[in-house]
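Beneath this line is the structure, given in structure tokens, with notes to follow.
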2 protein chains.
Amino acid sequence: MTASLPSPEERLRAAGQRVTAQRVLLLRLLDESKEHLDAEGLYERARREMPDINLSTVYRNLAVLKEAGLVEQRYFAREHGREYFEPSTSAEHYHFTCLSCGRVVEFETPLIARVRAELQARHGVRVRHACICFEGICADCAARGQTVPPSKEIIPHDPPSHV
Amino acid sequence: MTASLPSPEERLRAAGQRVTAQRVLLLRLLDESKEHLDAEGLYERARREMPDINLSTVYRNLAVLKEAGLVEQRYFAREHGREYFEPSTSAEHYHFTCLSCGRVVEFETPLIARVRAELQARHGVRVRHACICFEGICADCAARGQTVPPSKEIIPHDPPSHV
DNA sequence: AGCTTTTTGCAAATGATTTGCAAAAAGCTA
DNA sequence: TAGCTTTTTGCAAATCATTTGCAAAAAGCT
Ligand SMILES: [Mn+2]
Ligand SMILES: [Mn+2]
Ligand SMILES: [Zn+2]
Ligand SMILES: [Zn+2]
């Protein structure tokens, strides 16, 4: 059975943040989508339920939620300069993005933890967090002969890109 | 003895790019600094020798050099949204940046290559390149009690930050 | 309900990077 | 080296994601 995850309200309170309708909505939308959304994407979905919500409110709250540890920020290939988010509820994982179609593949590995340990041991630093992102060509795109990233354009194909 | 690295001119020709004074200069400045510079930083140094060089020329050439594989782009903690570069002449390495003082620590490890191999084997993707960057508190900052990153501000200390 | 603090919507500002364009330079070729 | 073609440059204006100032509205007390 799915361990029921605390509600947005509960998580906000637990994190000592004010509970506003906007924050609850944004947190719920992030939970639901179980995807990586950027401010614009979240805003689009949010306004379907709260037509007057403002884009800057989305930005401000993403910052608050991130600071509070309720969401995590990601950066993807060719989308650097665009900040994506996902709820901090899943297990530690890393990302691969396809340069051709934009698809995001999530994966786990114990090796990154070892890199951190090595880094801390060898350089005396305290690692707070890692920003890991691989890029290349996904299996589907390789199958259809996409070897070289077609310029700057990401062209999603049928199973549409789920960035 | 230091294996003499091909001159900027030679590297440009080898990469099939036109040899312009601007490109030669930028490449040389990157070599010399052996550091991570962004467009603005490079521009600053470049105009000391070529006062009329334009910032957009720097941007354009960084894109060209990157495309040609002569420089590599990096992203650092809290500086996402700002693109840094270094010559593609050094061995594969990764980065750690201090959230407190901005210092960049470079390190090597064979583990990342293993992560790539795992990723390719398990998901059938073809990894083109990895963007790896750890962040936390450097040894010096830890020694002086910096445990929590002081808000958004990066405050370099004596051995000045060499971002 | 009353009071204080935080958050919101809106509009305008930022800041890094990009782009259109005409003049200048680079790379041929003869 | 001169002539011709293609690429690059400097400059100004444009983009685009993200941020900020501000007055009104909502949240969290008491
Ligand atoms: Mn993820
Ligand atoms: Mn480096
Ligand atoms: Zn793909
Ligand atoms: Zn430090």
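Keep in mind that what you see is a predicted model, and the values were worked out from it rather than measured. Letters A, B, ... are given to chains in the order of the sequence lines, protein chains preceding strands, and every chain is numbered from 1.
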Any strand counts, and the cut-off is 3.5 Å on both contacts for Watson-Crick or G-U wobble. Which nucleotide pairs with [N]?
| N | answer |
| --- | --- |
| D:dA2 | C:dT29 |
| D:dG28 | C:dC3 |
| C:dG20 | D:dC11 |

Whether A:Gln22 contacts C:dG9 is assessed here as follows: a side-chain N or O lying under 4.0 Å from the phosphate OP1 or OP2. Is that the case?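 Indeed, a polar side-chain atom of A:Gln22 lies that close.
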Would the base of C:dT7 count as contacting A:Arg23 through its side chain, where contact means a donor and an acceptor less than 3.5 Å apart?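 Checked by distance alone, the answer is no.
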Can you find a donor-acceptor N/O pair under 3.5 angstrom joining the side chain of A:Arg82 to the base of D:dA17?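 Not at all, since no donor on one side and acceptor on the other fall under 3.5 Å apart.
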Between the main-chain N or O of B:Gly69 and the side-chain N or O of B:Ser88, is there a donor-acceptor pair closer than 3.5 Å?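 Side chain of B:Ser88 to backbone of B:Gly69, a donor-acceptor pair under 3.5 Å: yes, one is there.
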When you measure from the side chain of A:Arg47 to the backbone N and O of A:Asp52, does any donor-acceptor pair fall under 3.5 Å?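 No; zero donor-acceptor contacts below 3.5 Å.
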Round to a whole Å and report the spacing from [atom1] of [X] to [atom2] of [N].
| X | N | atom1 | atom2 | answer |
| --- | --- | --- | --- | --- |
| A:Glu9 | D:dA26 | CD | C1' | 16 Å |
| A:Leu37 | D:dA17 | CG | C1' | 16 Å |
| A:Gln17 | D:dC29 | CD | P | 13 Å |
| A:Arg47 | C:dT8 | CZ | P | 17 Å |
| B:Glu67 | C:dT17 | CD | C1' | 16 Å |
| B:Arg18 | C:dA25 | CZ | P | 13 Å |
| B:Leu26 | D:dT9 | CG | C1' | 12 Å |
| B:Leu42 | C:dT17 | CG | P | 12 Å |

Which of residues 49-64 of chain A have a heavy atom under 4.0 Å from DNA chain C?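 The answer is A:Asp52, A:Ile53, A:Asn54, A:Ser56, A:Thr57, A:Arg60, A:Asn61.
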Minimum heavy-atom distance B:His123-A:Glu106, with the two atoms named: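 Taking every non-hydrogen atom into account, NE2-O, 4.1 Å.
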Of the non-hydrogen atoms in B:Ile137 and B:Ala142, which two are nearest, and what is the gap between them?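 That closest heavy-atom pairing would be CG2-N, 3.6 Å.
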Are B:Phe134 and A:His129 close enough that their ring centres sit under 6.0 Å apart?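 No, they do not, as the ring centres are separated by 6.0 Å or more.
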Just checking, is any N or O donor in the side chain of B:Glu86 or B:Tyr84 under 3.5 Å from an acceptor N or O on the other one?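 No, because no side-chain N or O of B:Glu86 sits under 3.5 Å from a partner of the opposite role on B:Tyr84.
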Classify the side-chain pair A:Glu135/A:Thr97 by whether it contains a donor and acceptor separated by less than 3.5 Å.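 Short answer, no.
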Which part of the nucleic acid, if any, lies within reach of B:Glu83 when heavy atoms closer than 4.0 Å are counted: base, sugar-phosphate only, or nothing?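 The residue B:Glu83 makes sugar-phosphate contact but no base contact.
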Looking at the side chain of B:Val19, which of C:dG27, C:dT6, D:dT18 is the nearest nucleotide?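 The answer is C:dG27.
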